[in-house]
Amino acid sequence: MGIEFDGKTIETTPNGYLVNADDWSEGLAEHIANSEDLELTQRHWDVIKHLREEFFQNAGNQPNTRNLVKYLGGLWNEKINAKTLYDLFPGDPSKQGGRISGLPESRRKGGY
């Protein structure tokens, strides 16, 4: 499988995750989000940035929704819940967000 972007085919898994994380770019993230009917706002980018930082700077950690709620609530200085993140990423904040972030598919069970 693959994504046609910027004149080339980016290889993906059957579930749409990048095979090579080095293929990721902000432009590709926008392209993937648009194909999933999402328009990325600053809050989307905050989630994407955090997911990427955790993965690449914390031994491949992929935070679940509960951990995202805790981190982003502090970042945004407001009380949020899982619904706040599902409003941003209806396909699951950690899974859809991870796919748009160019991360490998999480193998953990459950999302919360």
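FYI, side chains are in, hydrogens and waters are out, and symmetry mates aren't considered; it's all heavy atoms of this structure. For the single chain, residues carry numbers from 1 onward in sequence order.
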Working to the nearest 0.5 Å, report the span between [atom1] of [X] and [atom2] of [Y].
{"X": "Leu75", "Y": "Lys49", "atom1": "CG", "atom2": "NZ", "answer": "8.0 Å"}
{"X": "Leu85", "Y": "Arg66", "atom1": "CG", "atom2": "CZ", "answer": "13.0 Å"}
{"X": "His44", "Y": "Ser101", "atom1": "NE2", "atom2": "OG", "answer": "11.0 Å"}

Would you say that Glu30 contacts Glu26 through its side chain, given a criterion of any heavy-atom pair below 4.5 Å between the two side chains? no
With a 4.5 Å cut-off on side-chain heavy atoms, are Phe55 and Asn61 touching? no
Check for a donor-acceptor pair, side chain of [X] on one end and backbone N or O of [Y] on the other, with a separation under 3.5 Å.
{"X": "Tyr71", "Y": "Val47", "result": "no"}
{"X": "Gln62", "Y": "Pro104", "result": "yes"}
{"X": "Asn15", "Y": "Tyr17", "result": "no"}
{"X": "Asn67", "Y": "Lys70", "result": "no"}
{"X": "His31", "Y": "Glu4", "result": "yes"}

Flag if over 12 foreign heavy atoms under 6.0 Å of CD, Gln42: yes
For Phe5 versus Gly27, what's the shortest heavy-atom pair and its separation? CZ-C, 3.5 Å
Can you check side chain to side chain contact (heavy atoms under 4.5 Å, CB included) on Leu38 and Ile100, steps first, answer last? CA-CA 10 Å; Leu38 291 178; Ile100 293 170; 3.8 Å; yes
Run the side chain to side chain contact (heavy atoms under 4.5 Å, CB included) test on Ile48 and Trp24 for me, step by step, so that the C-alpha distance in whole Å, both residues' side-chain angles and the decisive distance to 0.1 Å come before the verdict. CA-CA 12 Å; Ile48 291 167; Trp24 186 86; 4.1 Å; yes
Stepwise side chain to side chain contact (heavy atoms under 4.5 Å, CB included) test for His50 and Asp46: CA-CA 6 Å; His50 180 62; Asp46 289 343; over 6 Å; no
Please answer: with hydrophobic residues joined when any side-chain heavy atoms are less than 4.5 Å apart, are Leu103 and Met1 in the same cluster? no
